[in-house]
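Heads up, the thing below is written out as structure tokens.
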Amino acid sequence: MGKEIILEVKNLTKRYGKKTAVNNISFKLSGGDIFGFIGPNGAGKTTTIKCIGGLLEYDGGDVLINGKSNKGFDQALKRSLGYVPDTPFLYDKLTGREFLYFVGRLYGMDKKSLEKKIDEYSKKLEFSDYMDIRSEEYSHGMKQRIIIASSFIHSPDIFLIDEPMVGLDPKSSKIVKDLFKEFSFSNRILFISTHTLSLAEEICNKIGIMDKGNLVYFGSIDNLKESLKKSNLEELFLEITKNDN
Amino acid sequence: MITDLFSLKSKIVLRYLIIKDFKTLIRILTFFFVISIFLFGTYFVFFKVFNYLLNLEDIGKGFIYRISSLLFTIIFFLLFTSSIITSISTFFKTPELEFLFSTPLKTHHIFFSKLFENGFYASWASLIISLPLIFSISNVFKVETIFLIKWLFLFILMVFISTSFGILVVFLISDLFKRFSLNFIVTLIFVLLIFFFVFFFIFVKPDIFNLPQNATLQEVTKYLNSLEVEQFKYLPSGIVLQIIFNDINAKSSNLLYFFLSFYLFLTFSFLFVLIRIYRKKYLGFSLFNLSSKKERSKIFEKRVFSKNLEIFLIVKDMVIFFRDPSQWGQSLIFVILLFIYSFSIIRSPIYFKTPFYTYILSFANLGFSSYIMATLSVRFIYPLISLEGKTFSIIKSSIRMENYFNSKLIFNFLIILFLGEFLIVLTNIFLKMDLLIIMLSSLITFIFSFGITIINTGFGAILPDFNETNPSKIASGFGGIVSAIVSLIYIGISISILSTPVKNYFEKSFRKIPFNFSEFYYAIIFITLLTFFIFVIIYNYALIRLKRYNF
């Protein structure tokens with residue numbers, strides 16, 4: 001067993017002008033957790049992920065990665081994170097392989113291990129045949145697979161993935177889901193923000209439900225089902241967010 | 001890591017030049033053709049004008065200096081303002097930044113990469129005017145190549161300083177985005193610009209080229225001496241130009257080098273500070289993307305239930321246009337430039353106000369106004385159909401394509417006609433042209449407006465880009481370039497047809513010989529037939545294409 005990985009969000013608050021997007025939320029995750037972050041549109045999920053990823057300044061509280069605050073955000077902290085945004089960004093004129101080489105170089109990987117990882121993930125995510133085609137010709141699903149691979153190749157401790165299933169066809173969804181399932185055996189944290197409740201129910205051991213900037217539930221799905229006497233996550237979700245417009 | 005980033009960027013730029021198919025080949029050839037024409041054409045014009053002026057005793061060199069000074073000042077302000085516009089996007093808004101900031105790249109790596117990118121985007125258009133200007137000065141004064149290389153280096157320093165100052169402004173105002181909307185800030189910048197120009201033109205009253213006809217010898221000498229005095233001598237553009245002319249006149253420029261070094265020191269100093277605060281500014285800047293302001297357009301809601309769907313579509317286009325600061329902001333730049341242009345003609349010097357010169361000025365004004373109408377059309381009319389994006393399929397299923405295309409055509413025509421007529425009639429009245437010339441110019445403008453509108457609306461339908469949402473990018477894409485070339489060829493042919501009767505009219509009126517106006521009428525009939533021919537071909541082809549699109 002390697003070092004223990006801990007992500008701690010303490011009283012995180014983020015405001016946009018007068019609007020409070022994230023209101024004093026706190027939770028703690030540790031290595032091996034697959035965390036499903038769910039909530040209606042505009043609940044504050046993406047804002048929270050960006051605050052954790054150091055892509056947004058926050059107004060209050062702190063985000064601790066292995067006990068270290070991400071406010072200064074040094075390079076070592078960045079290397080420990082893998083981030084997949086809700087809208088995939090790729091350089092149109094580069095091929096998938098070139099983009100992965102570029103990302104690998106930025107994370108300081110050597111050629112041999114980088115090529116090995118690219119080979120591994122191109123097989124797992126089934127994009128080997130498209131690797132040498134410019135990304136301007138990719139479908140949304142193909143772009144998403146390349147972006148997910150780019151966040152995995154440097155083996156970060158914490159994966160922050162925002163809406164991984166949006167726009168994916170059933171085949172791409174299954175490929176991505178299978179990759180996530182493998183993480184239940186690793187000592188790393190997989191943080192997934194999603195609207196796909198079945199995904200959260202299937203692969204996550206912990207969930208957090210956001211509503212209007214508040215974390216209204218944090219814990220295991222089973223505990224929640226038991227306390228609200230509901231049989232599936234969809235019913236639970238609708239019950240908790242029933243006052244939402 | 002910075003080298004990885006730069007090698008990646010170079011690879012991306014080179015990829016644009018790789019010929020994959022026939023369409024790419026045409027696009028690249030067209031691009032180089034247009035740029036070469038501009039470079040050589042501009043060089044040729046400057047060289048001819050400067051060569052002619054150099055042969056005018058006493059006054060020639062002063063005029064060359066004055067023209068160069070004006071152009072250098074304009075280039076400086078163009079670089080400065082375009083840097084402000086591009087750096088908002090390059091340093092703060094592009095989606096690439098989120099990716100770069102999520103990697104272990106250090107902030108200064110990202111900053112330098114963006115500084116280089118911003119300098120390139122902000123200056124390439126200005127270089128098309130600047131390079132021929134510098135080359136023509138060096139050739140007219142027959143200086144050694146080493147001087148030319150030195151001047152080009154100095155010019156690059158000027159580009160670096162002016163674009164960096166633009167970035168500084170954006171960093172200074174970036175905090176405003178937390179408190180105010182983008183609409184408010186763009187409006188504020190334009191109000192300040194308008195104040196600046198009003199102040200400059202009305203109160204400062206630059207007496208460029210202005211010499212009274214009945215001047216005394218003393219006034220003439222004073223005027224000649226004033227030509228070579230740099231009005232903007234403390235701006236980087238003024239310093240660089242003074243060094244260039246000191247080289248020509250074999251004078252020392254030590255003090256000027258000191259001023260330039262001071263500017264460089266200042267630029268490096270504030271860039272050093274900006275690097276330090278960049279990450280914080282970027283992370284804070286994303287706030288302006290989120291606005292919860294509620295908006296309801298009465299005209300939109302009123303028209304949505306009207307029977308006339310074509311008018312509703314136009315209202316929809318207008319509402320979108322006025323809600324996008326990049327759209328109305330850029331159109332406002334055009335309007336301000338048009339006002340400056342009209343104002344320059346109104347204030348045109350007594351020196352040029354002989355009937356012969358005013359006729360020439362009037363014809364040049366017609367050509368220039370047509371060129372402006374063509375440019376405006378490529379930028380604002382050509383992208384309209386592309387901007388429908390994927391919703392075009394909804395429009396297609398609810399309205400006949402003939403009605404859709406006609407409504408766009410009529411609306412675009414009215415806008416271009418209004419601008420063109422405003423420009424032509426107003427300037428001709430101020431030039432005190434006779435009624436016949438005003439009416440003829442007005443008629444020609446009417447025909448040109450229609451021709452330009454059909455070309456740009458038509459190519460908007462024939463070569464749309466439904467995947468791009470940025471109108472500037474649509475206009476500078478393949479279809480936009482084709483549309484611009486066809487518009488310029490159309491204007492060029494029409495002006496050539498008109499030039500013969502105009503030349504005869506000028507010569508005969510100068511010699512006070514009666515002129516046969518039927519020459520004008522034949523020319524107008526030719527232009528009308530040409531426009532009609534273009535209309536029939538483009539209109540029909542555009543409709544065929546519109547009916548074929550399927551998503």
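So you know, we letter chains A, B, ... as the sequences are listed, proteins then strands, and number each from 1.
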Can you measure from [atom1] ([X]) to [atom2] ([Y]) and round to the nearest 0.5 angstrom?
X: A/E136; Y: B/N467; atom1: CD; atom2: CG; answer: 11.5 Å
X: B/L97; Y: A/L55; atom1: CG; atom2: CG; answer: 10.5 Å
X: A/R105; Y: B/T103; atom1: CZ; atom2: OG1; answer: 12.5 Å

Hey, are the side chains of A/F89 and B/E96 touching, using non-hydrogen atoms and a 4.5 Å cut-off?
yes
How would you list, by chain and number, every residue that makes a ring pair (Phe, Tyr, Trp, His ring centres under 6.0 Å) with A/F99, sequence neighbours excluded?
B/F99
Is the side chain of A/K78 donor-acceptor paired with the backbone N or O of B/F101 at a distance under 3.5 Å, no angle test?
yes
For [X] against [Y], the heavy-atom pair lying closest together:
X: B/S102; Y: A/Y107; value: O-OH, 3.2 Å
X: A/L106; Y: B/P104; value: O-CG, 3.6 Å
X: A/G54; Y: B/R279; value: O-NH2, 3.8 Å

Around A/K124, counting heavy atoms of other residues, nucleotides and ligands shown, do more than 12 lie under 6.0 Å from its NZ?
yes
Counting heavy atoms not belonging to B/F171, are there more than 12 under 6.0 Å from its CZ?
yes
